[in-house]
Every structure is written in C-alpha cells, then in structure tokens.
Amino acid sequence: MAQHSEDLFKSVISHAKEYGFIFPSSEIYDGLSAVYDYGQLGAVLKKNLRDYWWKSMVQMHQNIVGIDASIFMHPTVWKASGHVDAFNDPLIDNKDSKKRYRADVLIEDYVAKLDAKIQQEVEKAAKRFNPFDETLFKSTNPRIQEYLAKRLNTMERFKTAMESNDLNAVRDLIIDLEIVCPVSGTRNWTEVRQFNLMFSTSMGSVSEEASTLYLRPETAQGIFVNYLNVQKSGRLKLPFGIAQTGKAFRNEIVARQFIFRMREFEQMEMQFFVKPGSEMEWYEHWKTKRLQWHIRLGLGANLYRFHDHVKLAHYANAACDIEFNFPFGFKELEGIHSRTDFDLKQHEQYSGKKLQYFDSETNQHYTPYVVETSVGLDRLFLAVMSASLKEEQIEQDTRTVMQLPPFLAPYKAAILPLLKKDGLPEFSMTLLKSLQPYIELFYDEKDTVGKRYRRQDAIGTPYCITVDHQSLEDSTVTIRYRDTMHQERMHSTALLAFLTQNTGMATVLQGV
RNA sequence: GCGGAAGUAGCUCAAUUGGUAGAGCUCCAGCCUUCCAAGCUGGAGGUUGCGGGUUCGAGACCCGUCUUCCGCUCCA
C-alpha cells in the first residue's frame, strides 16, 4: 500500500469517527473485533445509499419488486444452499510451517495411507500364494489385522469426536496418530478450531435437531424460498426480479480493513429470474447496468473495473465482480453471478415442493435461471467516503471537505445566521421551519461563519444558506457552494425548488 | 493463528536516569465580530487500556492480559 493511500485510509477512519459516521462497536468495552456502529451522520448516509439502490431497482423497474425476508430461516435452507456442508471445517495449523490444514483431511489422509499399506500387503501376498484367497488373507494376516484395527479405531474416534463437536479430541487423535505436517515434517500443532462460516443460535425448545438456527450468511436465500409466493401473488411474468436489502452475518477468520470486511454487514441483492437459455443475455445486461449505476454516483469512472471470475463456483456459469479502487487497492464492491437454476432446484429437492414457472406462451413448465446482482452496502459506504474525502490547500490554510454526491449528503443544506443577534437567528429559525418538512437541514449559530462553513464542508453538506441583515429587509439570503466556496444571493422563496433540484434523487434516477 | 509496532484528556502528542501528569486543538459559558479555521475572558475534561509485581516512589522497569494497526495465512 502506498504511503499516501495508507494515510488516506487512516484519515477516512478517523474522520468517520470524529464526525459521527462510524464508531467501533461497544467501544467503551474495548470494541468488538470487526463490528462497527453507524453514527448519527453515517446512518443517514447509509440510508441514502440504500434508498438510491432500492429506488433504482424497485421504483424504476415495473418488473422488479422488493421484499424483506427474515434473518432467521428454516435450518434446511442452509443445507439446501450448501452452506452447512461447505463451510463447517475443523482447521489446525502447524506452528513450524505456518500452514493451515483441515483436521478431517489430515485424518482421512492417514486412513488412506493405512489402506495403501493394506493393499501393498495384499499385492505382495498375491504374488507369493497361488491360489490366493484375498478375503481369507485379509482376515488372517496379523499385520493387516493390525492396520484394520487401527483404521477402525481411528474412524470411530474421529466420528465420535466430530459428532460431539469435541475439537480437543480431534487434536488428540492427530497427536496420537503421530501425523506430521507434510511441509515441515513436525508435529507442532495448534489447537483445532472450527471456523464456521455461519453464526448459529437456538430457537425455542423444539426437537434437538431443529432447534439450531443460523443467522443468514446471505440474503439471497430469502428471495429463493419466496420466489413462487412473490411470482404468484404479484402475477409476475418472466423475466422479473426480486430485490432485498438486509443484514447478513459471516464468521470471517480474519476480518479487517475497517468496514470492508465485517462480521455483520448489509447486502443489497437482486435476483433476476429468466427463461433458461436467456441467462447470458441478462447477465451481460446487468453487468452493464450495474456498472453504470455506480458510475452515476459521480466519484469517477476510473475508480471501477470488472474482474471476471475464471474459476467458477459449482452453481454458476458466469460470474464477475465490479471492483472499486479503495485506498487499499482495487477490491470487490459488487458481484454479478449467473447462478443457473441451482438454488431453485436444490430447494425443490429439499422441500419436495415444485418451484416451477408456467410459461403460458409456450405452455411449458420449467425452473427459471437466475442472474444475481449483489452489492455490499457497507463497502459502498466506504467507497463513497474514501473517494469523497479531500484535503485542499488554500493559501496557508487547509480545508477538509467531503465532496459527497449531494443527493447522498446527510444534510442537504445548513442554515446559518451571520450573527447571533439583531433578529438574524429568529429569521433563520422561521426559514428552517418552513423548509424542514422537505429537506434535511442543519442549523448552526455558534462561532464565526467561516468556521461554520468549514464544519459543514467536513460532513459533506453541499450548501450553506446564510442569513444577514439584508435578509430582514428583502428576504434574500446567500447560498454558498461547498465544492467551489462561491456564493450567490437568492430569494428565500426560491430555495426549496433550488435545493430539490440540486440535492434530490430524481435527477439521478432519471438516468437509471 | 504467527511475527512486528503501538495504547497518556474528545483529537494530535509531551513528560530528562523512576521523583507533583502537561500543551495545542476541540468542547462548554460569555465578550467581540457584516461572509470562509486558529481574537479576548472564564470553565470542564485523566484510576496514563486493564490486572499483578519491583520500589520510599511507576506513565516510564518486569510479568500477564485486552484492544488496535502493519505483514503473513484464510476468504462461497
């Protein structure tokens, strides 16, 4: 990481805290690793980003609807999706080689070695004896008996340990079997740790099996399990999309880089259901469309790039990321995946329910294919903040300004009486009250006006409205532009239209 | 998890060999001010991350612990 980028990243983090955008979670208790809270300004900025996405997807598309599925889901959902089996591995590190292994794989390799030894004995014997009875030989040869007993014993112990979730027993087994690290050749092992992707919790007092619930690791499954409900109740025809924003939870092994990788985070996902065979066309469509959506934020088109996945997940037949140039380099911001019919097929199989679509044009039943767009809201937040935060040199003075896209700014304008006397605060308050129902405003009468301008610059407020003595006479005010610091005089009755036009979302959405 | 660095006021940092915890900014109450920070007066704010130990005496030395940052490792 280049020095200036590192400094930028640090200044983004401290700026976020200093001005109430993001705080470390539970900070008075020393914080909680990789968990953050959004403060009074961060919550608004985040909400505005979520609104921009939701309106772009749902409000601007007649064939996309939005839902809000719960975080808790039936445990079988995660069996069907593959999350339970794929991310439930006991891991162990060798302290000398610093290599990490799956403990179960080490044990399986050991068992495979025993099998190979048995096979060797059998082959040797086959050459010696003729005729050769393999079954008889296996059941009588003492060496093979020893191997088989060891094998059986190992498997039993491993099975018992895994079933009772006893990771210490797994480690003991590895020690007892004298398994060495293939790289360092030593037996200097750490504890066995289970890095479950999913957080689990329990619900009620139903049967033992059903009581364990998972906090969802992705919002997508809430869409898949509701797809037929939505399609039927909304009388939707292919192609159509279901959008959703919401929290997801992943127990990352190492979670770092501020809000880039958090254990609790918010996703904005849209699953687009299409006729099989048309998925690549729609994949390309959404690739283009999603990139444009990001570029429309106005942070700079050069900050984005596509990264096509070469190695595809088993369920995808095409996948790419939209990467953003964060202070720590280009990293994934949004993923676009052609997920085929994998998820719906899995849920059909596990639930035993038909999840097919009836195409009235062709008179056919089929399972739709899915194109997914999935963006991390927190990553988007970080992208916007780090690209907006600027430090300007003005003569001997430095100005810290957050050049947020105006429609995202927590406050659209600040109302500032030039002096805290002569009736200027009263006039300002009247103005504030008349505009407040329409626009998010900030009122400040403390300190010199220059200082107040700078405070607004630091939190990204695009306009400052200053009330002076002339305002009392003719109801005009000055409006000051954040990015240029220029100001012009305007009648107070023109403010609402001006601010709506320049800080509203409508103009941006028109291009979607 | 391993290795390295660092934790002192809201923020940035001082504190000589171990000898009374301080400054600037911020914040609060006023004063002064007719458009771009750092004018004046007064005030608040700390169990030096936490717990032990050595010492007459610890912010400093020793041990433990927690957190953060950097690198490695992992990441559907």
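Throughout, a chain's letter reflects where its sequence line sits, starting with A, and its residues are numbered from 1.
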In whole Å, I'd like the distance from the [atom1] atom of [X] to the [atom2] atom of [N].
| X | N | atom1 | atom2 | result |
| --- | --- | --- | --- | --- |
| A/Glu445 | B/G30 | CD | P | 10 Å |
| A/Asp447 | B/C25 | CG | C1' | 13 Å |
| A/Lys446 | B/C31 | NZ | P | 11 Å |
| A/Glu332 | B/A76 | CD | P | 9 Å |
| A/Arg452 | B/U33 | CZ | C1' | 11 Å |
| A/Phe342 | B/A76 | CZ | C1' | 11 Å |
| A/Ile465 | B/C36 | CD1 | C1' | 17 Å |
| A/Arg489 | B/C35 | CZ | C1' | 10 Å |

Ignoring hydrogens and angles, answer whether the base of B/C36 and the side-chain atoms of A/Arg399 contain a donor-acceptor pair closer than 3.5 Å. no
Between the side-chain atoms of A/Gln487 and the base atoms of B/C35, is any donor-acceptor pair under 3.5 Å? yes
Looking at [N], which nucleotide sits across from it as a Watson-Crick or G-U wobble partner, both distances under 3.5 angstrom, or is there none?
| N | value |
| --- | --- |
| B/U33 | none |
| B/G7 | B/C66 |
| B/G42 | B/C28 |
| B/U54 | none |
| B/C2 | B/G71 |
| B/A21 | none |

Considering only side-chain heavy atoms of [X], which listed nucleotide, [options], is closest?
| X | options | answer |
| --- | --- | --- |
| A/Met485 | B/A76, B/C35, B/C36 | B/C36 |
| A/Asp468 | B/A76, B/C35, B/A37 | B/C35 |
| A/Leu419 | B/U33, B/C11, B/C35 | B/U33 |
| A/Arg250 | B/C36, B/A76, B/U33 | B/A76 |
| A/Lys10 | B/C69, B/A76, B/C35 | B/C69 |
| A/Phe9 | B/U34, B/C70, B/C35 | B/C70 |

Just checking, any donor-acceptor pair under 3.5 angstrom between side chains of A/Tyr283 and A/Asn317? no
Side chains of A/Gln403 and A/Ser388 only: does a donor on one sit below 3.5 Å from an acceptor on the other? no
Note: A/Glu218-A/Arg339 ion pair, threshold 4.0 Å (strictly below): yes
Salt bridge check, A/Asp468 against A/Arg489: does any charged N sit closer than 4.0 Å to a carboxylate O? yes
Which residue lies more 5' along RNA chain B, comparing A/Tyr36 with A/Asp422 via nearest heavy atoms: A/Asp422
Most 5' of A/Ile13 and A/Thr448 on RNA chain B, judged by nearest nucleotide: A/Thr448
Less than 4.0 angstrom between a side-chain N/O of A/Arg455 and OP1 or OP2 of B/C27, yes or no? yes
Would you say A/Lys451 reaches B/A38's phosphate, i.e. side-chain N/O to OP1/OP2 under 4.0 Å? no
Look at the aromatic rings of A/Trp78 and A/His83 and report parallel, tilted or perpendicular, splitting at 30° and 60°. perpendicular
Can you tell me, in whole Å, how much space there is between the [atom1] of [N] and that of [M]?
| N | M | atom1 | value |
| --- | --- | --- | --- |
| B/U20 | B/A37 | C1' | 36 Å |
| B/G51 | B/C74 | P | 39 Å |
| B/C27 | B/U12 | P | 16 Å |
| B/G59 | B/U16 | C1' | 14 Å |
| B/C13 | B/A76 | P | 37 Å |
| B/C75 | B/G52 | C1' | 39 Å |
| B/U65 | B/C2 | P | 11 Å |
| B/A23 | B/C61 | C1' | 27 Å |

A/Lys420: partners by side-chain hydrogen bond (donor to acceptor under 3.5 Å, both in side chains), with sequence neighbours left out: none
Would you classify A/Ser14 as touching base, sugar-phosphate or nothing, given that sugar-phosphate means primed atoms plus P, OP1 and OP2, and contacts are heavy atoms under 4.0 Å? nothing
Atom NZ of A/Lys390 with >12 non-hydrogen neighbours under 6.0 angstrom: yes
Before we go on, tell me: are the rings of A/Tyr463 and A/Tyr481 under 6.0 Å apart, centre to centre? yes
